[in-house]
Amino acid sequence: MDKTYQPNAIEQQWYNTWEENGYFKPSGDTEARSYSIMIPPPNVTGSLHMGHGFQESIMDALIRYHRMQGDNTLWQVGTDHAGIATQMVVERLLAAEGVSRHQLGRDKFIDKVWEWKQQSGGTITRQLRRLGASPDWSRERFTMDEGFYKAVQEVFVRLYEDGLIYRGKRLVNWDPKLHTAISDLEVLNEEEQGHLWHLRYPLADGSGHLVVATTRPETMLGDSAVAVHPEDERYRHLLGKNIKLPLSDREIPIIADDYVDREFGTGCVKITPAHDFNDYEMGQRHSLEIINILDADANLNESVPEKYRGMERFAARSQIVDDLEALGLLEKVEPHTLKVPRGDRSGVVIEPWLTDQWYVRTQQLAAEAIAAVEDGRVNFVPKNYENMYFSWMRDIQDWCISRQLWWGHRIPAWYDEEGNVYVGRSEEEVRRKHSLGADITLRQDEDVLDTWFSSGLWTFGTLGWPEDTPELRDFHPSSVLVTGFDIIFFWVARMMMLTLYLKKEVPFHTVYVHGLVRDSHGQKMSKSKGNVLDPIDLIDGIDLESLVQKRTTGMMQPHLREKIEQQTRKEFPQGIAAYGTDALRYTYYSLASTGRDIKFDVGRIEGFRNFCNKIWNASRYVLQNCEGQDCGQDNSSDFELTLADRWIISQLQRTETTVREAMDSYRFDLASQALYDFIWGEYCSWYLELSKPVLWDETAAAAVKKGTRRTLIRVLETLLRLAHPLMPFITEEIWQRVKTLAGSGGESIMLQPYPQPNANKFDQQAEAAVGWLKQVIEGVRNIRGEMNISPAKKIPLLLRGGSSRDRELLDQARSLLTKLASLKSISCLDAGESAPASATALVGDMELLVPMAGLIDVNAESTRLQKEIDKLAKDLTRVQGKLNNPKFVDKAPAEVVAKEKNKLADMQSAYDRLREKLQQLSGL
RNA sequence: GGGUGGUUAGCUCAGUUGGGAGAGCGGCGGCCUUACAAGCCGUAGGUCACAGGUUCGACCCCUGUACCACCCACCA
């Protein structure tokens, strides 16, 4: 074995072996419990970012954990066609060649998208493999593949026939750049600095004017009314009068509506029903005219005065403000912060715009989806996300599902020339069902469905629905959905609604919600901030120049380039080292406490790379001592276990319990912590050291040596299995080398049983003994460290006082103690016997004395003792105070009081002894 | 405006029925001790945001305040 762990030497090879041998497939054991996870399908043309890395690592840990437990385990993998995102990418590529999609035409454009998918669609799945993810690749799906096409048509038709899908004309969120409607969720409302324009609107009778305040003066050309509050005394006398609208010279009424806030602005609101959601509602209430003044590009259309026709909306804004000012109608302009709606993909300001769209009626579907969480058929982890889910679901609006895009599932609706609409699974079905002859021309709806409509079917669409397949019966509902809180509404809610309605069961039993991966300062990672880390770079490493290159190419805002370059050079002067997949995964787990965002610091991954190396080297030690030796691999029983052996075996049982509990409750941070503590803190730091005196002692009995070798190798083999779900590669590599010596076998660690604690192996006696031994050793080390005694220097140790039990423990551990504390000798003094001037430590009632002759600095020892005494004095005061308080003694449980009393006695005795030592010292 | 989460060592975070504050990284001191310098040994460092309350006893339970983050909402 290499002296240091080299992840790149083994990872790819093991991954290929696993995949080629079909280890990722379900066991097919129908007697076993089923366990399934449906991957949140990443965008087919995307590439892996840190969020994916985190999420996939969690899923893989769960999948491997359950697979090892013998469950019939399916991890369903696949990718999403991601309508808008993908279409935008391909459009951008075409634009680089100087071609627009309209020049190309719909069919050719779609061909291009498929071509692009062919080309780049493998990126993210290749990267998933680098993470060690173990989904069943043979079942990989795509949300636009043949089967999904069928499922989507079927769902649409059923919902339509049940009256849950309808077509309607109303205001939608219109993206003037992408030329499509988008759902409420795809609109981001961010606060921005803007202005509040106060405009004078003259009364039609010439008797004066009133002032309206608006953030969007250009929409005044579409005003249908001015509204005031019905009880606003300032304006009551104007009700029923008309305004002569400037610039367009239309007359519009002054109306009363209690939507108006008297406190805001002037208390007068201009009403533009065609371009504002509230105004639209008010327009409905008051039967106002709806005047659409914008075209699909959000330029002014032919219903405005000629001067403004064709103007871009923001150019029109300043023109109109100028014109009003020239007319003396601009009262004032105030700075004003407002929420500006922007498309989450395009970034442009969204316009409320009146169009025909398809909607899902959500009320009834949402009620079911709420009930399923309320009655516990679906559980959120952490639980508080249920509130977020409820509050959104209870206030849900109908879902606009049509998109004016080309890439996506075409809506299965056809129109005849009269404009009648027919919905069906195919044109043929429509014609048959409605007896439409060949002479009638039918034209299919041009629109496609919102991507989330098809991904909403993911849990059952991937399993063969609408056919009744064995997979559906085995693996649906899925066990757990692992997802970020940011898509609870986009995806989780929609899956709940669609699945409950169509499948009559929940899509998953548990929703595990994880946080966002941020940079080490808590900033969101983004290209424009230049703080993006690529999981693959953390695995393979990257030199500084390539990293700078990567972070500064293809930027939307090239002016940030220099800053990003500087910042990158400062943060990673050496580039990024190759840490390997297991270290990356372990970092994710260690940071995955529930529901919190995680700040990813490269320092952490380095620590876990070191942990991998620790495991690697511990294994080298074990193998050096076990290879070619009898380690009980034939399961013979002629061996004897030392206290240390029994102790580490007992600790292992505890660790198995902790890790299992953590995994079962999605506490990957606790699981990783428990493993780390056991492997590094117990197995490596103590047990390996304790094994040396046995193995290196030529006089030790063969049975004892065999017992130690057996324990070394078997504990190692077990902890590898225990750690495998978190760190698949290194555990496989080492396991292959140790399995035979550990009396085990099999093709791969990933198919081995997951360790289970054995109650008979808990050993309190051994734990107490080793606990004592550790204390003594630590006492000596402390003296050595504080007194600056070289670790190489062998020193004598005197023991004084202590119980008969201390003597017993000493007898059992004498040789271990001598070796590990690097002692020259150990001698015992009777309780009253005087000792030479020494440095002292206490273990219970027993004094550890290291004679000072030639070794110890009196002053240093005094200081050390004084420090101990001060600490004890402080604790003593507190405990004494507690026990002197009659209320405590009366009211606290007897056992607590007894415990405090014991504590006091121990502390008092230690205190006295140390004081005595200090006095002796000062007498020198 | 409503809601959720957070505030613990220099940094990142654990702390699960309220009973002597922990880890990793970083710092400091000492070690190339025959698995590992990606290591070993030792060590310093905290009014658990603040103010009240409940309790014999509060990092933990209750109330309020401050600050941070996020979500939702029709103030032009």
Side-chain angles (χ1 to χ4, degrees), chain A residues 1 3-5 189 196-197 212-216 219 227 259-261 263-272 276-282 336 338-339 382 384-385 387-388 391-392 395 485-486 488-489 515-516 518 520-522 577 579 583 590-591 593 595-601 603-604 606-625 661 665 667 669-670 673 676-677 680-681 684-685 688-689 692 696 778 781-792 822 875 878-879 882 885-893 895-897 899-900 903 907:
Chain A
M1 284 174 85
K3 198 172 167 183
T4 51
Y5 174 53
N189 289 295
L196 194 59
W197 284 271
V212 298
T214 180
T215 55
R216 299 205 56 194
T219 62
Y259 157 75
V260 178
D261 177 355
E263 308 299 317
F264 189 89
T266 58
C268 301
V269 192
K270 60 189 275 308
I271 304 300
T272 320
D276 182 282
F277 288 101
N278 293 312
D279 293 6
Y280 182 80
E281 305 251 313
M282 203 186 297
H336 181 67
L338 71 164
K339 299 262 181 159
N384 53 291
Y385 281 103
N387 291 329
M388 187 167 139
S391 68
W392 190 73
D395 198 31
F485 66 90
D486 49 329
I488 288 181
F489 304 147
L516 227 58
R518 298 168 175 276
S520 59
H521 309 291
Y579 297 112
S590 72
L591 294 170
S593 51
R596 272 173 91 124
D597 284 355
I598 67 176
K599 296 183 191 171
F600 196 96
D601 188 335
R604 295 296 290 246
E606 187 179 346
F608 292 120
R609 186 270 316 259
N610 296 352
F611 179 49
C612 289
N613 193 49
K614 190 75 180 173
I615 298 175
W616 185 257
N617 275 293
S619 305
R620 286 178 60 217
Y621 166 80
V622 173
L623 286 170
Q624 278 163 18
N625 285 286
E661 281 171 5
S665 52
R667 290 300 303 268
D669 57 333
L670 300 182
Q673 180 77 38
Y676 188 97
D677 289 347
W680 198 317
C684 293
S685 292
L688 259 47
E689 296 307 320
K692 287 174 185 175
W696 295 351
E778 278 164 351
R781 280 179 184 170
N782 174 282
I783 291 171
R784 196 190 279 278
E786 294 278 289
M787 292 300 108
N788 254 325
I789 301 169
S790 153
S822 191
D875 291 347
R878 197 170 34 77
V879 177
K882 217 172 187 179
N885 180 353
K887 288 182 184 165
F888 171 73
V889 182
D890 290 349
K891 296 200 176 177
E895 55 188 45
V896 173
V897 177
K899 202 174 141 196
E900 292 292 315
K903 202 193 292 175
M907 279 159 56

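Values below: all heavy atoms of this structure, side chains included; hydrogens, waters and symmetry mates excluded. Chain letters run A, B, ... following the sequence lines, proteins first and then strands; every chain starts at 1. As the structure is a computational prediction, the values presented were derived from the model and not from experiment.
Panel note: side chain A/Arg667, backbone A/Ser593; no donor-acceptor pair is recorded below 3.5 Å. In this structure a side-chain-to-backbone donor-acceptor pair under 3.5 Å is present from A/Asn617 to A/Lys3.
Within the cation-pi definition used here (under 6.0 Å to the ring centroid, within 45° of the axis), A/Lys692 qualifies as a partner of A/Tyr621.
In this structure, A/Phe277 reaches neither bases nor backbone, as no heavy-atom distance under 4.0 Å exists between it and the strands shown. Within the 4.0 angstrom heavy-atom criterion, base atoms lie near A/Ala213. Nucleic acid contact for A/Phe608: none, since no nucleic acid atom lies under 4.0 Å from a heavy atom of the residue. Using a 4.0 Å heavy-atom criterion, one finds that A/Trp197 contacts no nucleic acid atom at all.
In the set B/A38, B/A76, B/G20, the nucleotide with an atom closest to the side chain of A/Asn610 is B/A38. Side-chain proximity of A/Asn613 to B/A76, B/G24, B/C36: nearest is B/C36. When the nucleotides B/C70, B/C36, B/A76 are ranked by their closest atom to the side chain of A/Arg620, B/C36 comes out on top.
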Scan nucleotides 9-17 of chain B nucleotide by nucleotide, 5' to 3', and note B when protein non-hydrogen atoms come under 4.0 Å of the base, S if they reach only the sugar-phosphate, - if neither.
-> ---BSSSB-
In the 5'-to-3' direction, what one-character label does each nucleotide of nucleotides 55-61 of chain B receive under the scheme B = base within less than 4.0 Å of a protein heavy atom, S = sugar-phosphate only, - = no such atom?
-> -B-----
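Listed pair A/Asn782 / B/U43 meets the phosphate criterion, a side-chain N or O lying under 4.0 Å from OP1 or OP2. Between A/Lys692 and B/U33 there is no side-chain N or O to OP1 or OP2 distance below 4.0 Å.
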Would you sketch RNA chain B in dot-bracket for me? Only Watson-Crick or G-U wobble pairs with both distances under 3.5 Å count, crossing pairs as [ ], other-strand pairs as |, the rest as dots.
-> (((((((..((((.....[..)))).(((((.......))))).....(((((..]....))))))))))))....
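Side-chain N/O atoms of A/Lys3 and base N/O atoms of B/C36 include no donor-acceptor pair closer than 3.5 Å.
If you measure from atom CG of A/Leu688 to atom P of B/G39, you get 15 Å, rounded to the nearest angstrom.
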